[in-house]
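To start, the structure itself, in structure tokens.
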Amino acid sequence: MKNEKLGLTHEQEQKKVTRGVLLGAAFLMATSSVGPGFLTQTTVFTEQLAASFGFVILISLILDVFAQMNIWRVIAVSGLRGQEIANKVLPGLGFVLAFLIVVGGLAFNIGNVAGAGLGLNAMTGIDPIMGAVISAVFAILIFMVKEAGKVMDKVVAVAGVLMIILVVFVAFKTSPPVGEAIVRTFNPSEISFFAIVTLVGGTVGGYITFAGGHRLLDAGIKGIGSVPLVTKSSVTGIVVTGVIRVALFLAVLGIVSQGLQIDPDNPPASVFQLGAGELGLRLFGVIMWVAAITSVVGAAYTSVSFIRSFHPIIEKYHNWIIILFIIVSTSTFAFVGKPVTILLLVGALNALILPLALGTLLIAAYKKNIVGEYKHPLWLTIGGAIVVVVMGVLSIITLIEQIPLLFK
């Protein structure tokens with residue numbers, strides 16, 4: 001049977017829909033990770049490490065791939081969300097994981113909303129709080145549409161491509177020493193483990209690591225037969241994140257190599273302004289807004305997906321709960337500002353989520369009552385276990401360092 005308008009068979013239509021969902025899931029994960037913090041982290045670490053930051057990007061991307069491939073596969077094969085899998089591994093663990101994800105997602109979404117407000121401010125000069133409210137309304141409208149999932153897929157995909165184009169443009173304008181960057185990526189003159197854990201935590205930490213996997217599940221892509229598609233989608237998400245990270249790294253490196261001074265109060269904005277003048281500042285506003293608004297959407301969608309299975313009413317009205325999540329984040333920023341103390345505590349807790357979540361799903365990958373007859377590749381298990389150990393140790397160090405700051 002053909003779609004008369006497009007001349008497509010039913011099978012071709014299904015393949016087209018599936019491709020859209022796979023791409024949407026990849027970009028949802030990628031754009032969720034590319035938030036205001038991502039822009040600042042990349043700028044600051046490039047200023048500190050110069051060309052050697054390429055090595056940090058390389059190592060963090062390898063760790064990211066192992067984390068994403070393991071988690072997405074187990075979610076797809078089991079047909080269960082992260083919290084449901086955790087509860088099957090150890091009763092009650094799913095509730096703990098959901099609590100950490102939701103609290104962390106809510107707190108960091110305040111920062112995402114703030115970033116969206118600052119982005120509109122840089123673009124148009126509008127007041128940041130008003131910009132945050134306008135941005136929140138935009139995000140809410142996505143979830144008020146009947147086919148919210150499909151709209152979200154398209155919005156994040158377009159946003160991701162737009163970010164890549166704009167950041168690559170600025171990278172060309174700053175004329176970075178690409179040859180030196182390539183050499184130092186494989187032979188660094190300086191290594192920062194703190195930078196590695198920060199990048200990994202910011203790229204696949206907290207709710208982000210589950211964003212794409214849960215989106216695929218909600219779209220009905222699951223089962224052992226879906227593994228090749230899920231793997232491709234998870235790697236695509238990391239590649240998109242990597243392209244944006246590398247382009248931003250090169251843009252900053254171009255400024256640093258020229259000996260220009262980056263403004264410590266707003267590092268990424270000053271890079272774009274130094275690289276492309278007034279136009280650069282406006283482009284920064286666009287990139288900041290796009291990065292922030294997609295992170296708002298990703299944080300709200302994924303955080304609420306962690307409580308959907310706990311009660312039929314939550315499942316039925318999950319879109320409205322997502323909207324409430326965005327309203328609470330925006331209201332907190334508008335009336336209270338960025339709660340630094342809460343963000344510090346949640347930042348420390350967020351560092352624990354990746355090793356806890358990935359470790360739990362690696363155990364689940366070998367439980368027949370969860371994955372059936374599926375055989376998880378040994379190389380993926382070993383790679384995932386290394387990520388768990390590395391991030392576990394470094395997250396404990398982060399907790400030890402950050403908790404005392406709360407009482408100063």
Side-chain angles (χ1 to χ4, degrees), residues 25-26 28-30 32-33 59-90 92-102 104-105 108 193 196-217 227 230-231 233-235 237-238 241 298 302-303 305-306 346-367 370-371 374-399:
L28 178 64
M29 174 266 141
S32 291
S33 69
I59 297 301
S60 64
L61 287 175
I62 292 171
L63 294 175
D64 291 346
V65 167
F66 278 110
Q68 289 292 89
M69 286 179 69
N70 274 291
I71 289 176
W72 287 36
R73 272 190 180 221
V74 176
I75 288 173
V77 170
S78 66
L80 302 169
R81 295 189 183 95
Q83 71 274 21
E84 296 170 305
I85 295 170
N87 272 336
K88 279 181 171 286
V89 171
L90 180 67
L93 183 58
F95 296 106
V96 173
L97 188 60
F99 173 78
L100 291 173
I101 293 281
V102 172
F108 282 114
F193 293 107
I196 292 171
V197 73
T198 302
L199 257 64
V200 174
T203 309
V204 292
Y207 67 88
I208 299 168
T209 192
F210 290 95
H214 282 195
R215 172 65 192 122
L216 293 179
L217 204 61
V227 166
V230 171
T231 300
S233 184
S234 64
V235 174
I238 295 296
T241 307
T302 311
S303 297
S305 76
F306 263 83
V346 172
L349 291 175
N350 206 45
L352 286 172
I353 294 176
L354 179 57
L356 174 64
L358 180 53
T360 300
L361 267 68
L362 284 175
I363 294 170
Y366 291 88
K367 287 185 170 287
I370 298 176
V371 298
Y374 167 73
K375 302 294 183 186
H376 200 59
L378 181 60
W379 64 272
L380 263 185
T381 303
I382 294 171
I386 291 172
V387 176
V388 170
V389 172
V390 170
M391 293 301 294
V393 171
L394 292 174
S395 65
I396 290 170
I397 293 172
T398 304
L399 276 172

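All heavy atoms count here, side chains included; hydrogens, waters and symmetry mates do not.
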Quiz item: Between Thr360 and Val89, which heavy-atom pair has the shortest distance, and what is it?
Solution: O-CG2, 3.8 Å
Quiz prompt | Whether Gln83 side chain and Ser305 backbone form a donor-acceptor pair below 3.5 Å | solution = yes
Self-check item: Taking every non-hydrogen atom, the tightest pair across Gly384 and Asn70
Solution: CA-ND2, 3.6 Å
Self-check item: Separation between CG of Leu380 and CG of Leu362, rounded to the nearest 0.5 Å
Solution: 9.0 Å
Practice problem: Please check if the side chain of His214 supplies one atom and the backbone of Gly82 the other of a donor-acceptor pair under 3.5 Å. | Solution: yes
Exercise. Determine the minimum heavy-atom distance between Phe66 and Gly383, stating which atoms define it.
Key: CD2-CA, 3.6 Å
Self-check item: Atom pair OG1 (Thr302) and CZ (Arg215), whose distance is rounded to the nearest 0.5 Å
Solution: 10.5 Å
Quiz prompt | Between CD1 on residue Ile238 and CE on residue Met69, distance to nearest 0.5 Å | solution = 10.5 Å
Self-check item: Stepwise side chain to side chain contact (heavy atoms under 4.5 Å, CB included) check, Ile196 with Val390
Solution: CA-CA 10 Å; Ile196 292 171; Val390 170; 6.0 Å; no
Quiz item: Taking all non-hydrogen atoms of both residues, which atom of Ala30 and which atom of Gly237 are closest, and how far apart?
Solution: CB-O, 3.5 Å
Quiz item: Can you tell me how far NE2 of His376 sits from NZ of Lys367, rounded to the nearest 0.5 angstrom?
Solution: 15.0 Å
Quiz item: Which residue, Val387, Thr209, Ile363, forms the side chain to side chain contact (heavy atoms under 4.5 Å, CB included) with Leu358?
Solution: Val387
Quiz prompt | Closest approach of Leu354 to Ala67 (non-hydrogen atoms, all atoms of both residues) | solution = CD1-CB, 4.2 Å
Quiz prompt | Shortest non-hydrogen contact between Gly213 and Ile75, atoms and distance | solution = O-CG2, 3.8 Å
